[in-house]
Amino acid sequence: MSGETLAPAAAAAVQEQIVQDGNRVGSVKQQLSSLFEASLRATFPELNIEPMVAACTAKFGDYQCNNAMGIWSKLKGASAEFKNPKSVGQGIISNLPPSEMIESTSVAGPGFVNIGLSSTWMAQSIQNMLSNGIGTWAPLLPASRVLVDFSSPNIAKEMHVGHLRSTIIGDTLARMLEFSNAEVFRRNHVGDWGTQFGMLIQHLFETFPNWEDIGEQAIGDLQEFYKASKKRFDEDDLFKERAQEAVVRLQSGEDKYRDAWKRICEISRREFDLVYERLGVHLEVKGESFYNPYIPGVLEELSSKGLIEESEGARVIFIEGQQIPLIVVKRDGGYNYASTDLAALWYRLNVEKADWIIYVTDVGQSLHFTMFFSAAKRAGWLPDSNIKAFPKTSHVGFGLVLGSDGKRFRTRSSEVVRLVELLDEAKNRSKAELLKRLEESGKLAEWTDEELEKTAEAIGYGAVKYADLKNNRLTNYTFSFDQMLNDKGNTAVYLLYAHARICSIIRKSGKEIEDLKKTGRIVLGHADERILGLHLIRFAENVEEACTNLLPNVLCEYLYDLSDKFSRFYASCQVVGSAEETSRLLLCEATAVVMRKCFHLLGIQPVYKI
């Protein structure tokens with residue numbers, strides 16, 4: 001057992017580790033963890049201990065290291081130096097490397113090490129962010145190549161409210177991971193292969209024999225075209241036989257059938273792209289058809305490893321703990337979701353070299369992913385146990401979108417709600433509310449038509465996104481325009497207006513904020529200034545937590561709390577005209593910068609005036 005003080009060289013190494021990756025220093029929690037890791041190594045060299053550092057909500061400190069109790073349980077009776085958990089905590093403190101971050105340390109209760117951050121260091125950290133950009137506050141994540149599989153609508157079907165959650169959640173996860181400097185593959189695994197194309201192609205050929213000459217007019221409204229072909233498929237047995245024959249001819253590669261398939265896919269993807277453009281979402285399409293050629297080789301590999309067995313005419317993989325097997329080849333010899341998903345995973349691991357693959361679908365598919373991931377582990381593609389090992393896969397499940405009646409959200413005619421119509425209504429309601437607000441305040445003349453349109457879009461689409469993202473994704477949520485467009489409470493409208501108000505404070509000061517960044521200095525003298533400053537510097541660890549646990553609502557909570565803490569600061573600390581005006585304007589700017597980055601990560605356009 002050693003209680004030696006950390007050598008100067010080791011202390012320097014810790015400081016070098018903290019200032020890593022260019023200007024990025026990692027989160028405050030990561031920086032403190034590096035310091036405590038060095039202390040734990042010096043104090044207990046024979047124990048391999050991960051530092052347990054957490055933000056503190058109590059009055060004793062800003063952060064806490066909670067290792068002492070766990071260490072004491074290992075040392076009890078074996079150490080003359082440490083008599084109880086409190087002495088373990090004191091030993092940890094005595095070996096902490098010197099750091100400008102820490103102003104005070106103390107041991108509370110059974111060994112909890114409380115840490116008080118230096119207000120001067122906090123202010124300097126905020127100042128550095130303003131000078132060097134919010135990117136310096138990006139967290140450091142262990143994964144470097146991440147593939148996010150999200151949205152994934154079916155070709156020839158219109159995107160509806162059911163696709164909304166996967167698209168919004170997946171986009172936010174991709175944005176947070178990109179901000180954290182991971183290389184992110186945004187993958188749209190569209191349903192562009194399968195039996196439905198037989199009926200679509202056969203219906204096209206029979207309804208419009210000269211379809212190649214009249215082009216897209218033959219198909220017209222793709223949704224109606226799909227319904228008409230499905231009706232024939234369900235009601236006409238002869239048509240059904242011809243449609244099934246068309247699938248065979250498509251899959252065997254006949255030019256005429258491949259051309260029709262490509263045309264249908266192109267029309268459908270263009271319609272999807274209009275929705276993605278409105279939502280500000282970027283995706284790369286690699287649909288089911290892309291992986292089809294890889295399926296035979298992947299199944300051959302799994303067979304050679306003894307994973308695939310015959311069962312009731314199908315080829316299956318038995319999964320431990322599951323009553324039913326994972327079917328990879330159907331009785332008729334056809335492939336299914338599992339065979340495509342296994343081929344896609346093989347490609348993503350071996351060709352694209354992704355070290356973290358994230359699937360964003362509804363919770364109803366949880367069992368499929370549990371079985372599919374288990375099969376990949378049996379094949380040796382994924383590590384079997386250690387949750388920190390890479391490569392790894394994660395299923396990001398989400399609940400249903402409900403209507404006011406508590407049932408699945410549908411139109412009055414019981415059809416699923418089309419996403420385009422939902423976004424139109426969000427924008428129109430937002431614009432009506434904005435016009436009313438501007439007319440009442442007498443400010444309508446100050447706005448151009450373009451500003452009105454862009455602001456209505458930002459608020460309308462932002463409201464839809466935030467109403468989804470602020471909930472824990474695993475829960476169902478009730479879709480309500482009235483609630484999401486309310487300008488009070490935890491809504492995008494309230495937060496966008498709060499940001500616009502901060503921008504207005506800075507504008508009305510008449511000061512050039514860029515000049516103040518160069519010449520001014522932040523001082524966290526007032527208690528509410530320090531509370532706001534502490535919340536600002538916790539931005540990185542909240543992004544880190546949201547990424548690690550794949551929970552966008554963590555970032556939403558952080559953003560709402562930031563707005564609340566700013567309101568308290570503004571109520572108790574005069575900004576314009578005060579002796580501390582420069583420092584406080586810089587705090588306003590820092591808050592606005594962090595809010596804008598939160599909006600960006602949530603896929604929401606900020607609003608600068610109201």
Side-chain angles (χ1 to χ4, degrees), residues 123 126-134 137 430-431 433-460 462-463 466 487-488 491-526 528-529 531-533 535-536 539 559-560 562-602 604-610:
I126 296 166
Q127 195 117 19
N128 290 346
M129 181 276 289
L130 284 175
S131 299
N132 301 318
I134 188 81
W137 278 5
S430 166
K431 188 174 180 181
E433 195 57 44
L434 182 61
L435 285 167
K436 182 182 165 192
R437 191 185 182 101
L438 292 171
E439 281 167 359
E440 286 173 357
S441 64
K443 291 182 179 176
L444 185 56
E446 299 170 20
W447 286 62
T448 65
D449 287 345
E450 187 184 2
E451 282 178 321
L452 277 170
E453 285 295 312
K454 285 192 169 171
T455 305
E457 261 183 26
I459 294 172
Y466 190 81
D487 62 1
K488 294 177 180 64
T491 67
V493 184
Y494 167 76
L495 293 165
L496 286 166
Y497 283 172
H499 171 261
R501 275 191 289 274
I502 296 171
C503 295
S504 173
I505 293 163
I506 296 168
R507 276 197 306 271
K508 285 176 181 173
S509 74
K511 300 289 167 62
E512 271 297 329
I513 205 74
E514 292 305 315
D515 294 339
L516 295 187
K517 285 182 194 177
K518 292 169 192 164
T519 60
R521 193 167 72 89
I522 295 174
V523 179
L524 303 175
H526 190 284
D528 285 329
E529 288 176 317
I531 289 167
L532 175 60
H535 195 71
L536 285 169
F539 167 70
L559 175 58
Y560 183 62
L562 176 58
S563 179
D564 180 56
K565 285 173 172 57
F566 180 84
S567 295
R568 280 170 55 190
F569 152 75
Y570 191 64
S572 58
C573 300
Q574 182 188 342
V575 177
V576 178
S578 68
E580 302 84 1
E581 181 182 76
T582 296
S583 170
R584 288 174 179 173
L585 281 171
L586 287 171
L587 262 183
C588 288
E589 175 66 6
T591 304
V593 167
V594 172
M595 287 187 85
R596 282 197 287 277
K597 180 48 70 174
C598 288
F599 288 140
H600 171 76
L601 297 178
L602 298 168
I604 296 170
Q605 287 292 327
V607 170
Y608 292 87
K609 74 175 196 177
I610 50 170

Task: Test log, rule side chain to side chain contact (heavy atoms under 4.5 Å, CB included), inputs E433 and D487 - done: CA-CA 10 Å; E433 195 57 44; D487 62 1; 6.0 Å; no

Would you check if [X] and [Y] make a side-chain contact, meaning some heavy-atom pair closer than 4.5 Å?
| X | Y | result |
| --- | --- | --- |
| V594 | M129 | yes |
| L559 | M595 | yes |
| E581 | V576 | yes |
| Y560 | L495 | yes |
| I610 | L438 | no |
| Q605 | F599 | no |

How many angstroms lie between [atom1] in [X] and [atom2] in [Y], if you round to the nearest 0.5 Å?
| X | Y | atom1 | atom2 | result |
| --- | --- | --- | --- | --- |
| S578 | R584 | OG | CZ | 5.0 Å |
| L587 | L536 | CG | CG | 7.0 Å |
| F566 | H535 | CZ | NE2 | 13.0 Å |
| L601 | R596 | CG | CZ | 13.5 Å |
| L585 | I502 | CG | CD1 | 12.0 Å |
| R501 | S563 | CZ | OG | 7.5 Å |

TODO: Report the C-alpha distance between W447 and T455 in whole Å, list the side-chain angles of each, state the deciding distance to 0.1 Å, and finish with yes or no for side chain to side chain contact (heavy atoms under 4.5 Å, CB included).
DONE: CA-CA 10 Å; W447 286 62; T455 305; 3.3 Å; yes

If every non-hydrogen atom of [X] is compared with every non-hydrogen atom of [Y], which pair is closest and at what distance?
| X | Y | result |
| --- | --- | --- |
| L496 | P606 | CD2-CA, 3.8 Å |
| L524 | A123 | CD1-N, 3.9 Å |
| R568 | I531 | NH2-CD1, 3.5 Å |
| G533 | I126 | CA-CD1, 3.7 Å |
| H499 | A592 | CD2-O, 3.9 Å |
| A492 | G462 | CB-O, 3.5 Å |

Step through the shown structure and confirm whether more than 12 heavy atoms of other residues, nucleotides or ligands are within 6.0 Å of [atom1] on [X].
| X | atom1 | value |
| --- | --- | --- |
| R507 | CZ | yes |
| D515 | CG | yes |
| E439 | CD | yes |
| Y570 | OH | no |

Is the shortest distance from a Lys or Arg side-chain nitrogen in [X] or [Y] to a carboxylate oxygen in the other one below 4.0 Å?
| X | Y | result |
| --- | --- | --- |
| K431 | E457 | no |
| K609 | E446 | no |
| K517 | E514 | yes |

- [ ] List the steps, then state whether side chain to side chain contact (heavy atoms under 4.5 Å, CB included) holds for V493 with Y466.
- [x] CA-CA 9 Å; V493 184; Y466 190 81; over 6 Å; no

Open item on the list: Classify the ring geometry of W137 against F539: parallel below 30°, tilted from 30° to 60°, perpendicular beyond 60°.
Closed with: tilted

- [ ] Using modelled atom types only, decide if a donor and an acceptor are shared between the side chain of S131 and the backbone of Q127 within a distance under 3.5 Å.
- [x] yes

